[in-house]
Amino acid sequence: MEPGAIHLVRINTGEDLLDGITEYVTGAGIQAAWLTYLGAVSRASLRYYDQGQRIYRDFELDQHLEVLSGVGNVSLLDGAPFVHTHAAFAGSDGKAIGGHLNSGTTVWALEVRIQELIGDPLIRDPDDCTSLSLWGGTL
Ligand code: ZN
């Protein structure tokens, strides 16, 4: 894949972080990208993948948090752009906590850098080893 356009995007106060990024990439026709972001959220909804049980364990952080660092990518799942992102957050004590970002994270302020990637899009397929949908055949 080759680097494409860089998109600088602000997600508005009160929007869902994951939905906001997904709506942007879908609207812009982006099928593959790498992204980073920073800012603050008024609450966070995260997941931890239990590798032994092969299930996601969801948890909520119902507090104001800094987004220390968010990272993610865009690939295709069932033919549509899919945003996969993890983030580290910190509260007023500065201690970090993070995980796989879920819907239900409410943006206070967020600045996102999306590096579009040009070429055959990466496609997520079921992976028997992990029970996750991971990049498949085009690698
Ligand atoms: Zn994840």
Side-chain angles (χ1 to χ4, degrees):
M1 303 197 86
E2 301 289 328
I6 293 173
H7 302 249
L8 300 178
V9 181
R10 175 185 164 193
I11 306 297
N12 291 319
T13 306
E15 280 193 64
D16 184 274
L17 195 161
L18 187 58
D19 291 349
I21 295 174
T22 299
E23 286 170 15
Y24 181 83
V25 299
T26 301
I30 296 172
Q31 296 190 320
W34 202 266
L35 58 93
T36 57
Y37 53 88
L38 59 83
V41 298
S42 55
R43 69 182 309 277
S45 179
L46 301 170
R47 314 185 101 181
Y48 168 82
Y49 190 67
D50 185 321
Q51 297 175 20
Q53 299 290 316
R54 296 186 177 193
I55 57 171
Y56 278 106
R57 300 193 184 282
D58 294 349
F59 60 101
E60 312 286 329
L61 302 170
D62 196 11
Q63 63 184 100
H64 297 172
L65 298 158
E66 297 287 330
V67 181
L68 304 180
S69 180
V71 64
N73 57 51
V74 178
S75 53
L76 295 180
L77 178 66
D78 298 327
F82 175 79
V83 176
H84 179 206
T85 176
H86 292 190
F89 301 92
S92 59
D93 61 1
K95 292 182 179 170
I97 188 169
H100 173 113
L101 202 88
N102 219 358
S103 288
T105 298
T106 306
V107 168
W108 177 254
L110 200 79
E111 298 166 343
V112 187
R113 178 190 189 277
I114 301 170
Q115 171 72 66
E116 193 170 353
L117 299 169
I118 306 299
D120 292 336
L122 297 166
I123 297 171
R124 290 190 177 275
D125 293 318
D127 177 70
D128 291 339
C129 185
T130 62
S131 300
L132 295 168
S133 291
L134 300 177
W135 292 341
T138 62
L139 295 176

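For the residue pair V107 and I11, the shortest heavy atom distance occurs at CG1-O, 3.5 Å. The minimum heavy-atom distance linking E15 with G20 is given by the pair OE1-CA, 3.9 Å. For V25 against P81, the heavy-atom pair with the smallest separation is CG2-CB, 4.3 Å. Heavy-atom minimum distance, A32 versus P121: CB-CA, 4.5 Å. Looking at every heavy atom in both residues, G4 comes nearest to Q115 through O-NE2, 2.9 Å. Residues G136 and D125 share a closest heavy-atom pair of CA-OD2, 3.7 Å.
Checked against L65 for a side chain to side chain contact (heavy atoms under 4.5 Å, CB included), the options L61, V67, D62 give a single hit: L61.
Taking CZ from F89 and CG from L101, the interatomic distance works out to 5.0 Å, rounded to the nearest 0.5 Å. Note that the CG atom of L122 and the CG atom of L76 stand 8.0 Å from one another [nearest 0.5 Å]. Note that NE2 of H100 is 5.5 Å distant from NE2 of H86, once rounded to the nearest 0.5 Å. Here the straight-line distance linking atom CG of N73 with atom CG of L117 works out to 9.0 Å at 0.5 Å rounding. The OG atom of S42 sits 10.5 Å away from atom CG of L17, with the distance rounded to the nearest 0.5 Å. For the atom pair S45 OG and D16 CG, the distance stands at 8.5 Å (nearest 0.5 Å).
T13 places a side-chain heavy atom less than 4.5 Å from the side chain of W108. Residues V83 and L18 have side chains in contact (heavy-atom distance under 4.5 Å, counting atoms from C-beta outward). Side-chain atoms of V9 and I114, non-hydrogen and from C-beta on, do get closer than 4.5 Å to each other. Contact check for W34 versus V71: side-chain heavy atoms found under the 4.5 Å cut-off. No side-chain heavy atom of Q31 sits less than 4.5 Å from a side-chain heavy atom of V74. The closest side-chain heavy-atom distance from Y37 to R113 is not below 4.5 Å. With a 4.5 Å cut-off on side-chain heavy atoms, H84 and F82 count as touching.
Partners of R43 under the side chain to side chain donor-acceptor pair (under 3.5 Å) rule, at least two apart in sequence or in another chain, are E60. Residues satisfying the salt bridge (charged side-chain N to carboxylate O under 4.0 Å, His left out) test with R47, not counting sequence neighbours, are D58.
Other residues, nucleotides and ligands place no more than 12 heavy atoms under 6.0 Å from the CG atom of D128. Dense packing is recorded around CG of N12, with more than 12 heavy atoms of other residues, nucleotides or ligands lying under 6.0 Å away. Counting non-hydrogen atoms of other residues, nucleotides and ligands closer than 6.0 Å to CD of Q63 gives a total above 12.
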### Message
Please determine whether side chain to side chain contact (heavy atoms under 4.5 Å, CB included) holds for the pair S103 and D19, giving the CA-CA distance in whole Å, both sets of side-chain angles, and the decisive distance to 0.1 Å.
### Response
CA-CA 7 Å; S103 288; D19 291 349; 3.5 Å; yes
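Y56 forms part of a hydrophobic cluster together with Y49, L132, L134, judged by ILVMFWY side-chain heavy-atom separations under 4.5 Å.
Using a 30° and 60° split on the angle between ring planes, H7 and Y24 fall in the perpendicular class, above 60°.
I118 and M1 fall into different hydrophobic clusters, defined by Ile, Leu, Val, Met, Phe, Trp and Tyr side-chain heavy atoms under 4.5 Å apart, directly or through other members.
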